[in-house]
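To keep things clear, I will list the structure first and then write my remarks on it.
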Amino acid sequence: MSTADPIDSGRAADRLRAGDSRRPAPASGGSKALGGVAGWVDDRLGPAKGVNYLMKKVFPDHWSFMLGEIAMYSMIICLLTGTFLTFWFVPSAGHTTYDGSYIPLQGVQMSEAYASSLDISFDIKGGLLIRQMHHWAALMFIVALSAHMLRVFFTGAFRKPRELNWIIGCILSMLALVEGFAGYSLPDDLLSGTGLRAAQGFILSAPVIGSYMAYGLFGGDFPGEAIIPRLYGVHILLLPAILIGLFTAHIVMVAVQKHTQYPGPGRTNDNVVGFPVMPVYAAKAGGFFFIVFGFTALLAAFVQINSIWVYGPYDPSAVTAGSQPDWYMGFADGALRLLPGWLEFNIFGHPLSLNVAIGALFLIPIMYGAMAAYPFIEAWVTGDKREHHLLDRPRNQPTRTALGVAALTFYGVLMFAAGNDLMAIKLHMSINDITYFFRAGVFILPVLAFWVTRRICLSLQRSDRNMVLHGRESGRIVRTAEGKFFEAHEPLDEYTRWKLVGYERQAPLELTGGVDAHGVADRSSRGAKLRARLSQFYFGTHVDPVTPTELAAAHHDGHAHEAIEAAGESTHAGSH
Amino acid sequence: MTTHEFPDADSAGVVRLDEGHHPGDGKMPAEFENPGLPPHVHRMADHDEAGAKRAERQVAGLFGLSMLGTIVAMVGYFAFSTEHRSWVPGLGHVSTTNLLLGIGIGLGLLGIGLGAVHWAKTLMPDEEVVEMRHPMRSSDEARAGFAEVMRDGGEKSQLFRRPLLKLSLGGAMGLFSLPLLVQLLGSLGPLPRNNLDVTFWDGHPHEGEDGKQHRTFEHPRLVTDPEGIPIKAADVTIGSVYHVLPAGLLPNADGEGGLEHGQLEEKAKAAVLLMRLDPTEFQDTPGGKKAKEWGHDGIVAYSKICTHVGCPVGLYERTTHHLLCPCHQSTFDVTDDCKVIFGPAKRPLPQLKITVDDEGYLIAAQPFQEAVGPSFWERG
């Protein structure tokens, strides 16, 4: 990695500051003569070359890059605590009579899975702590990976060359939901059994093969004795293996492609500005693992989660009011609550239960399919085939940001719909009204969110322009010789200014023709037309960065506002 | 840094000057230029040895806190039994060993983590380092070399020259996974047969020679769940509701009988809700009339398994005679043959036709006339 030349010469952005260390910064490990154990290993395997390269790798710094880290660490905590739990948990639906120390359930008939979960909670020292750490870490894992996905989406980090890693991330996220649901079902308490009961109903709704799938998965009638050990195998072996494999590929790809960075002075599409692994990132990221782990331990010590002993053992004829899945399954549950019954049809004497299948079987694959496809759709619309290593500020991509917020709103409506019964109780409202509101909201609110978000993004861009052209309001009132008053504005320094102007001008693609040389409609232009229309949708309304000419003109104009307003937003025909 | 790939973005007039954008007039650059890294600001610890010393003490203090946490955890584990409870404000009575272990482990980890991060932020170099990127794509030579190696391999193995090898290998590769798949899918579970159509109200299950379940209907009594006590029609007061199962599924009130195997599976289909309404409250609709007719003197029995996805329909509103499923809020109107009046379910809850025997106990007049629970393809 001899890259000394572009740093000392060439563009200003690639130059180092006076006083900055010349690369490579941390030479400690590499320059010292290897000895002892390290030398012994290197004599046999020669890892020094590769490790040396890895230890010098530069990672950019930003708080939002820690979201993925939290997900990674939570997953590791789940693996650790989950391994502990396997030593005591009995994955069996076999019947037993509880004789542990929790008095209210003594003498009650239950499955061995539930009895052993109670033992972990009451009779194994620290067992409850480990169980609660496991559950909290699982919830945090999905929260953090979802937030990480949003960060990647809204900053455009999914663009070339990272589309593959985005798809791997989508699969990881979807599998995490399944993994969570499997774990939630294992203790065989009343709540998790009710979840499984509903899951069996979901599977039954699959056209043609539903009952065969259900009898295969459950090994016969519901509930049967097969589902607990089967879910156990899936939960502790199959899915963790796939998750770890994909996660490793995810991380290796980040290292190979180098991390993206936010735009800023000195940061370009061709460099990475940040800190090397050794020692700074090793200490920061390693330390952050301990912080996440410690936080999880405190959470588990102080905040109770999934108190299974309150629910009692699973009984297919019993249920508690306010049955709720874990938060990440809320959106699917909400969809099931909103889908009206008339979506069940009778075709050729067979029921087609779309009221169930849409929410329970199709929603998740469609949602993740759309997410995985998005980078390719956007790349097609923009016709952009370049590599992107500089992130977008969300406001500078108003349409993408608005699409993301619309999707998030759709998800949010479904998730809140899963709490319609709790809202009805707490707010003393009619559950019917709440459900009707959500049914309308699932269509209306995303559109509204799209429009509002795009307007906000455009306004923020204009406010950035305003800031660049006029500088900061200093609060100093100046009186001129003629007796006029004005507030003095302080111009931005070039580093601050760059953050506000360092983005690309956007413009929609325009149709080149549509008719061939003889005036006949060109059939191949149908795709092009759609593309032009989508491009218009994306970039028809755009606010361009301030140019040096504009800034000079604004300075020349003094404090007149007209210059900014006129230069603000350019709208092409027919769009917002 | 910006090279537009939009075809002729400027010359085609896509961005028009009169719309307010001024791309430059020749004297000035069209866009601002990246100014490079801003000047570096040194930290206190960089130029003040006292500040560095203070940072060192803080880091060491955090590591010390970690060790203290570990001691707390060990005390929590060894000094208290699992039964020992402590009162903590906001939490109530909690397991002492659990709490101390959690606090100790938490501090033990947080001390290390916060110490390491503080160390990195105060004492380790904070000057940013620049690393250059290179296009992800391999060089043309490398790509050509790869294609060459693959082609060469194909040729040396004679794969292209001998189509028989290609076809037979393809066939074998395509087929070998089939028996594995068949083994897995074929052995996961039994075929559903008629299991979803029959319940314990049809009688005890015994497998016929055709593999289907055969059951003989014997007018089972309605007994309470879980006590197993038969219900006298005269004892059912207006407005009351019972959770009911067919006699013989659970042990009776004396703890005798009951299914040895498959109790939960039968319960999952046979659970019934029994309610008594004033006979005048049934609606004057075909459904309402049938409901009254299939009942006994205003006493009606309905499957408790929701026709949506199978949760037990657990909530009964006495005043409106509505049944509500707590999972997805499907609402059924008992006065109109449990028709769905709200929510995601489509079909009414199946009714169990009941009557009384010689001793005045409620019995089933006939088994369920349709499959209970969620819809499935073969349901018809």
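So you know, we letter chains A, B, ... as the sequences are listed, proteins then strands, and number each from 1.
Taking each heavy atom of Glu266(B) and Pro205(B) in turn, the nearest pair found is OE2-CG, 3.6 Å. When all heavy atoms are compared, the tightest approach of Val58(A) to Glu131(B) is N-OE1, 3.6 Å. Closest non-hydrogen pair, Val130(B) versus Val273(A), comes out as CG2-CG2, 4.1 Å. Nearest approach of Val129(B) to Pro276(A), heavy atoms of both residues: CG2-CD, 4.0 Å. Gly111(B) and Phe63(B) make their closest contact through O-CD2, 3.8 Å (heavy atoms, listed as atom of the first residue, atom of the second, distance). A pairwise comparison of heavy atoms in Arg133(B) and Gln257(A) identifies NH1-O, 3.1 Å as the closest pair.
Contacts between Phe218(A) and chain B at a heavy-atom distance below 4.5 Å are absent for every atom of the residue. Contacts between Ala318(A) and chain B at a heavy-atom distance below 4.5 Å involve the backbone alone (N, CA, C, O). Contact annotation for Phe202(A): both backbone and side-chain heavy atoms come within less than 4.5 Å of a heavy atom of chain B. Only the side chain of Ile305(B) comes within contact range of chain A, judged by heavy atoms closer than 4.5 Å. Of the two parts of Val280(A), the backbone and the side chain both hold a non-hydrogen atom closer than 4.5 Å to a non-hydrogen atom of chain B. For chain A, the nearby part of Arg347(B) is the side chain; its heavy atoms alone come within less than 4.5 Å. No part of Pro226(B) comes within reach of chain A, as not one of its non-hydrogen atoms sits under 4.5 angstrom from that chain. Contact of Leu91(B) with chain A is made through the side chain alone, with heavy-atom distances under 4.5 Å. With a threshold of 4.5 angstrom between heavy atoms, Val117(B) approaches chain A through its backbone and through its side chain. Heavy-atom distances place both the backbone and the side chain of Val256(A) under 4.5 Å from chain B. The contact between Asp225(B) and chain A is made entirely by side chain atoms (from C-beta outward), counting heavy-atom distances below 4.5 Å. Of the atoms belonging to Phe32(B), heavy atoms from both backbone and side chain fall under 4.5 Å from chain A. Proximity to chain A is limited to the backbone of Ser81(B), based on heavy atoms less than 4.5 angstrom apart. Using a 4.5 Å cut-off between heavy atoms, Thr82(B) touches chain A through backbone and side chain atoms alike. Contacts between His95(A) and chain B at a heavy-atom distance below 4.5 Å involve the side chain alone, from C-beta outward. Both the backbone and the side chain of Ala268(B) come within contact range of chain A, judged by heavy atoms closer than 4.5 Å. Proximity to chain B is limited to the side chain of Glu387(A), based on heavy atoms less than 4.5 angstrom apart.
Glu378(B) and Ser211(A) are linked by a side-chain donor-acceptor pair at a separation below 3.5 angstrom, with hydrogens and angles left out of the test.
With contacts defined as side-chain heavy-atom distances shorter than 4.5 Å, the pair Pro279(A)/Trp119(B) does not qualify. Side chains of Thr331(B) and Glu317(B) form no contact here, defined as non-hydrogen atoms less than 4.5 Å apart. Looking only at side-chain heavy atoms (C-beta outward), Tyr215(A) and Leu196(B) come within less than 4.5 Å of each other. Phe222(A) is listed as a side-chain neighbour of Arg197(A), based on a closest heavy-atom distance under 4.5 Å. Leu509(A) places none of its side-chain heavy atoms less than 4.5 Å from the side chain of Phe539(A).
Taking Pro374(B), Gly310(B), Cys325(B), Ala271(B) one by one and counting their heavy-atom pairs under 4.5 Å with chain A, the maximum is reached by Gly310(B). In terms of heavy-atom pairs under 4.5 angstrom with chain B, the leader among Ala199(A), Gly224(A), Pro161(A) is Gly224(A). Between chain A and the residues Leu315(B), Leu107(B), Asn195(B), the most heavy-atom pairs under 4.5 angstrom are made by Asn195(B). Comparing Lys284(A), Arg230(A), Glu225(A), Lys57(A) by how many heavy-atom pairs each has under 4.5 Å with chain B, the most go to Arg230(A). Of the listed residues Ile291(A), Leu352(A), Leu128(A), the one with more heavy-atom pairs under 4.5 angstrom with chain B than any other is Ile291(A). In terms of heavy-atom pairs under 4.5 Å with chain B, the best-connected choice from Asp221(A), Leu204(A), Leu129(A) is Leu129(A). Between chain B and the residues Gly201(A), Ser317(A), Ala301(A), Gly359(A), the largest count of heavy-atom pairs under 4.5 Å involves Ser317(A). Among Ala283(A), Gly210(A), Gly286(A), the residue making the largest number of heavy-atom pairs under 4.5 Å with chain B is Ala283(A). Ranked by heavy-atom pairs under 4.5 Å with chain A, the first of Ile103(B), Val340(B), Ile105(B) is Ile103(B). Contact count against chain A (heavy-atom pairs under 4.5 Å) is highest for Pro312(B) among Gly102(B), Pro326(B), Pro312(B), Gly106(B). In terms of non-hydrogen atom pairs under 4.5 Å with chain A, the most contact-rich of Gly108(B), Pro192(B), Ala116(B) is Pro192(B). With chain A as partner, the option from Val94(B), Leu114(B), Leu100(B) having the largest number of non-hydrogen pairs under 4.5 angstrom is Leu114(B).
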Give the intermediate values and the outcome of side chain to side chain donor-acceptor pair (under 3.5 Å) for residues His243(B) and Lys304(B).
CA-CA 8 Å; His243(B) 300 274; Lys304(B) 197 184 174 186; 2.9 Å; yes
Going by atom type alone, with no hydrogens or angles, which donor-acceptor pairs under 3.5 Å involve a side-chain atom of residues 337-345 of chain A and a protein atom two or more places apart or on another chain?
residue, atom, partner, partner atom, Å
Arg337(A), NE, Asp333(A), OD2, 3.0
Arg337(A), NE, Cys327(B), O, 3.3
Arg337(A), NH1, Ala418(A), O, 3.0
Arg337(A), NH1, Asn420(A), OD1, 2.8
Arg337(A), NH1, Asp421(A), OD1, 3.0
Arg337(A), NH1, Gln329(B), OE1, 3.1
Arg337(A), NH2, Ser323(A), O, 3.4
Arg337(A), NH2, Asp333(A), OD2, 3.1
Arg337(A), NH2, Ala418(A), O, 3.4
Arg337(A), NH2, Cys327(B), O, 3.0
Glu344(A), OE1, Ser353(A), OG, 3.3
Glu344(A), OE1, Ser375(B), OG, 3.1
Glu344(A), OE2, Ser375(B), OG, 3.0

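Note: His84(B) and Phe80(B) have tilted aromatic rings, judged against thresholds of 30 and 60 degrees for the angle between ring planes.
A distance-only check finds no donor-acceptor pair linking the side chain of Asp61(A) to the backbone of Gly274(A) [under 3.5 Å]. Using a distance-only test at 3.5 Å, with no hydrogens or angles considered, no donor-acceptor pair links the side chain of Tyr495(A) to the main chain of Gly36(B).
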